[in-house]
Amino acid sequence: YCLDRFVELFMPQLFSHFKEERVTPILFASEWFTTLYGYSFELSFTRAIWTVFFSVGKLFLFRAAMGILRLLEKDLMRLNFEKIILLLK
């Protein structure tokens, strides 16, 4: 829910596109959060996430997710449901 609200607030165009394609953060971010990004990303990226996470706390997980979405926003805007999910997984 929180990530959905952050996307709505800070990336309204992506939020609208996700709504049109019926993409919700639960479809990709639950895996990111439950594995602390370890399953979906390379070890070097995961190590960096863990370093900051253990220093700063759980809110950093949302900041990292927003950063990933921001980096991929232009690509995500051009994709349909299936390709969005494949890219984010």
Side-chain angles (χ1 to χ4, degrees):
Y1 173 81
C2 293
L3 183 57
D4 201 37
R5 296 292 67 82
F6 288 143
V7 173
E8 182 179 21
L9 183 62
F10 295 109
M11 293 190 263
Q13 290 179 328
L14 183 62
F15 178 80
S16 294
H17 182 62
F18 276 4
K19 289 300 175 198
E20 289 171 12
E21 294 297 327
R22 301 192 189 280
V23 172
T24 61
I26 195 76
L27 297 172
F28 57 89
S30 59
E31 188 173 276
W32 293 357
F33 294 157
T34 58
T35 65
L36 298 175
Y37 296 87
Y39 183 78
S40 302
F41 297 93
E42 293 182 17
L43 183 59
S44 60
F45 179 79
T46 302
R47 188 179 306 125
I49 293 289
W50 288 10
T51 300
V52 178
F53 168 70
F54 289 121
S55 298
V56 176
K58 65 184 175 183
L59 288 179
F60 181 72
L61 297 177
F62 292 103
R63 293 186 77 175
M66 291 295 291
I68 292 165
L69 293 174
R70 178 76 66 199
L71 287 172
L72 298 173
E73 185 172 13
K74 288 182 183 177
D75 294 330
L76 292 168
M77 292 295 294
R78 292 188 284 256
L79 300 175
N80 63 19
F81 173 86
E82 183 178 323
K83 291 181 180 176
I84 290 170
I85 299 305
L86 286 174
L87 177 62
L88 295 175
K89 288 233 173 207

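Residues take their numbers from the sequence shown, with the count starting at 1.
Between L14 and M77, the shortest heavy-atom contact is CA-SD, 3.6 Å. Taking each heavy atom of S40 and E31 in turn, the nearest pair found is OG-OE2, 2.9 Å.
Between T34 and Y39 there is no side-chain heavy-atom pair separated by less than 4.5 Å. T46 places none of its side-chain heavy atoms less than 4.5 Å from the side chain of T35. A 4.5 Å side-chain heavy-atom check between I85 and V23 finds at least one atom pair inside the cut-off. When side chains are defined from C-beta on, D4 does not count as touching T24, because their heavy atoms never get closer than 4.5 Å.
To the nearest 0.5 Å, the span separating CG on L43 from CH2 on W50 amounts to 8.0 Å. Note that CZ of R78 is 11.0 Å distant from CD of E73, once rounded to the nearest 0.5 Å. Interatomic distance, F33 CZ to F53 CZ, rounded to the nearest 0.5 Å: 10.5 Å. For the atom pair CZ (F60) and CD1 (I49), the distance works out to 4.5 Å, reported to the nearest 0.5 Å. For the atom pair L69 CG and L3 CG, the distance stands at 6.0 Å (nearest 0.5 Å). The line from CZ of F18 to CE of M11 is 8.0 Å long, rounded to the nearest 0.5 Å.
Under the 4.5 Å side-chain heavy-atom criterion for ILVMFWY residues, a single connected hydrophobic cluster contains both L9 and L72. Under the 4.5 Å side-chain heavy-atom criterion for Ile, Leu, Val, Met, Phe, Trp and Tyr, F54 and L59 are members of the same hydrophobic cluster.
Between W32 and F41, the distance separating the two ring centers is shorter than 6.0 angstrom.
Heavy atoms of other residues, nucleotides or ligands lying less than 6.0 angstrom from CD of Q13 number 12 at most. Atom CZ of R63 has 12 or fewer heavy atoms from other residues, nucleotides or ligands within 6.0 Å. Counting heavy atoms of neighbouring residues, nucleotides and ligands inside a 6.0 Å radius, atom CD1 of I26 does not exceed 12 of them. Residue K19 places its NZ atom among more than 12 non-hydrogen atoms of other residues, nucleotides or ligands, all under 6.0 Å distant.
Residue pairs satisfying the ring-ring contact (aromatic ring centres under 6.0 Å, His included) criterion with at least one member in residues 70-89, sequence neighbours excluded, are absent.
Under the side-chain contact (heavy atoms from CB on, under 4.5 Å) criterion, F10 pairs with F6, M66, R70, sequence neighbours left out. Take S16 and apply the side-chain contact (heavy atoms from CB on, under 4.5 Å) test, not counting sequence neighbours, and it matches no residue.
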>> Would L76 and L88 count as a side chain to side chain contact (heavy atoms under 4.5 Å, CB included) here? Give the steps.
In response: CA-CA 9 Å; L76 292 168; L88 295 175; 4.0 Å; yes
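The closest donor-acceptor contact from the side chain of H17 to the backbone of L79 lies under 3.5 Å. Under the 3.5 Å distance criterion, the side-chain polar atoms of Y37 are matched with a main-chain donor or acceptor of L61.
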